[in-house]
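Throughout, numbering of the chain's residues begins at 1 and tracks the sequence.
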Amino acid sequence: MTALQSLKYRQWFRGADVDGDGFITQQDVRMMSERYLTARDTAPDSATARRLTQGMDEFWTNVIAPLDQDGDGRVDLHEMTEGFKRALTDPAQFPHQIGPVTDCFFDLVDLNGNGKIEQDEFQLMFGSISGVPGTDCAEVFTALDQDGSGALDRTEFRQAVSEFFYGNDPHAPANHLFGKINP
């Protein structure tokens, strides 16, 4: 794992540790969902809420929980970093490792159903789930919008998430997807 990847993973951990206790638990993952649903003004018993909750439960079960090396039901920064170092080595594995939750979020964030994520939708997601400030969201969004269309299509969004988790380019705008880092 490179120093840049370590910085990015630490930034992601900060956003995922919703209650700030130094651990990611299934409750943190559910609280991420709840924050987004609240920001979206989505009813907790709606189909959208059920889909997000199911997707995030799968994310916990398939991605985060297996990182729990001591079996205490929570993942600390060291466990997460070591797990990511072992698991996230091959970008070709993106479709199996991170792709499903990426697609789930894309579909849920696309509030108007046009197959694209506009800047306001992007800011709602990253601001509510990861606590990324609006100005940072705006800068990252503009840099990720590779075709200058004013929206991220599924390919651009998947590319950004893949670059964040697997990439090592210090100049990639996706490095700041979950908040600004200083390499």
Side-chain angles (χ1 to χ4, degrees), residues 1-17 24 28-29 32-33 36 51-52 54-67 75 77 79-111 114-119 121-132 136-183:
M1 174 182 307
T2 67
L4 175 60
Q5 288 169 319
S6 182
L7 283 172
K8 292 190 295 185
Y9 297 164
R10 192 173 309 120
Q11 183 67 20
W12 184 88
F13 184 90
R14 277 190 214 104
D17 178 16
I24 302 173
D28 285 309
V29 173
M32 282 190 268
S33 301
Y36 180 64
R51 183 163 174 240
L52 178 59
Q54 178 184 353
M56 291 303 280
D57 282 348
E58 289 173 8
F59 178 64
W60 167 259
T61 300
N62 299 325
V63 178
I64 303 300
L67 304 177
V75 176
L77 179 60
E79 288 172 315
M80 188 212 65
T81 303
E82 288 301 308
F84 279 10
K85 183 168 49 172
R86 284 189 310 274
L88 301 179
T89 58
D90 181 4
Q93 295 302 312
F94 174 84
H96 309 291
Q97 293 175 322
I98 309 288
V101 77
T102 300
D103 287 337
C104 177
F105 266 97
F106 183 92
D107 294 338
L108 292 167
V109 171
D110 179 17
L111 294 173
N114 68 351
K116 298 181 183 291
I117 297 175
E118 279 85 21
Q119 185 171 340
E121 295 169 328
F122 183 87
Q123 285 186 233
L124 180 65
M125 177 177 63
F126 285 98
S128 63
I129 291 177
S130 300
V132 179
D136 292 354
C137 282
E139 289 176 27
V140 171
F141 179 87
T142 300
L144 295 176
D145 181 15
Q146 297 174 354
D147 62 6
S149 68
L152 302 179
D153 62 27
R154 188 176 301 271
T155 301
E156 288 171 315
F157 187 67
R158 286 177 64 98
Q159 211 170 6
V161 174
S162 179
E163 175 62 36
F164 179 85
F165 283 104
Y166 299 95
N168 198 34
D169 175 358
H171 304 292
N175 292 341
H176 309 287
L177 194 58
F178 295 94
K180 284 204 173 192
I181 60 165
N182 296 312

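Side-chain contact check for Gln11 and Arg14: at least one donor-acceptor pair (N or O, by modelled atom type) lies under 3.5 Å.
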Give the table of side-chain donor-acceptor pairs shorter than 3.5 Å for residues 157-164, with sequence neighbours excluded, one pair per line with atom names and distance.
unit_1: Arg158; atom_1: NH1; unit_2: Asp103; atom_2: OD1; d: 2.8
unit_1: Arg158; atom_1: NH1; unit_2: Asp103; atom_2: OD2; d: 2.6

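Distance CD1/Ile181 to CG/Asn175: 4.5 Å, rounded to 0.5 Å. Considering CD of Glu156 and OG of Ser149, their distance stands at 5.5 Å, rounded to 0.5 Å. If you take CD on Glu79 and CG on Leu77, they are separated by 10.0 Å, rounding to the nearest 0.5 Å. If you take CE on Met80 and OH on Tyr9, they are separated by 8.0 Å, rounding to the nearest 0.5 Å. Annotation: the span from Asp145 atom CG to Gln119 atom CD amounts to 9.0 Å, rounded to 0.5 Å. Atom NZ of Lys8 and atom NE2 of His176 lie 9.5 Å apart (nearest 0.5 Å).
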* Decide side-chain contact (heavy atoms from CB on, under 4.5 Å) for Trp12 and Ile24; before the verdict, give the C-alpha distance in whole Å, the side-chain angles of both, and the deciding distance to 0.1 Å. => CA-CA 11 Å; Trp12 184 88; Ile24 302 173; 3.6 Å; yes
* Criterion side-chain contact (heavy atoms from CB on, under 4.5 Å) on Lys116 and Glu118, from CA distance to verdict -> CA-CA 6 Å; Lys116 298 181 183 291; Glu118 279 85 21; 4.2 Å; yes
* Between Phe13 and Thr81, does a side-chain contact (heavy atoms from CB on, under 4.5 Å) hold up when you go through it step by step? -> CA-CA 9 Å; Phe13 184 90; Thr81 303; over 6 Å; no
* To do: Verify side-chain contact (heavy atoms from CB on, under 4.5 Å) between Phe141 and Gln123, making sure each step is shown before the conclusion.
  => CA-CA 8 Å; Phe141 179 87; Gln123 285 186 233; over 6 Å; no
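When every heavy atom of Leu177 is checked against every heavy atom of Leu144, the shortest pair comes out as CD1-CD1, 3.7 Å. Shown here for Cys104 and Gly55, the closest heavy-atom pair between the two residues is SG-CA, 4.3 Å. Contact record, Leu67 with Val63: CG-O, 3.4 Å, taken as the closest heavy-atom pair. In plain terms, the two heavy atoms of Ser33 and Met56 that are nearest each other are OG-CG, 2.9 Å.
Here the side chain of Asp110 pairs a donor or acceptor atom with the backbone of Asn114 at under 3.5 angstrom. At distances below 3.5 Å, not a single donor-acceptor pair connects side-chain atoms of Ser6 with backbone N or O atoms of Thr2.
The pair Arg154-Asp107 counts as a salt bridge, with a side-chain nitrogen and a carboxylate oxygen less than 4.0 angstrom apart. The existence of a salt bridge linking Glu139 and Lys180 is confirmed by a sub-4.0 Å separation between a basic side-chain nitrogen and an acidic carboxylate oxygen.
Phe122 and Phe126 have their aromatic ring centers within a separation under 6.0 angstrom.
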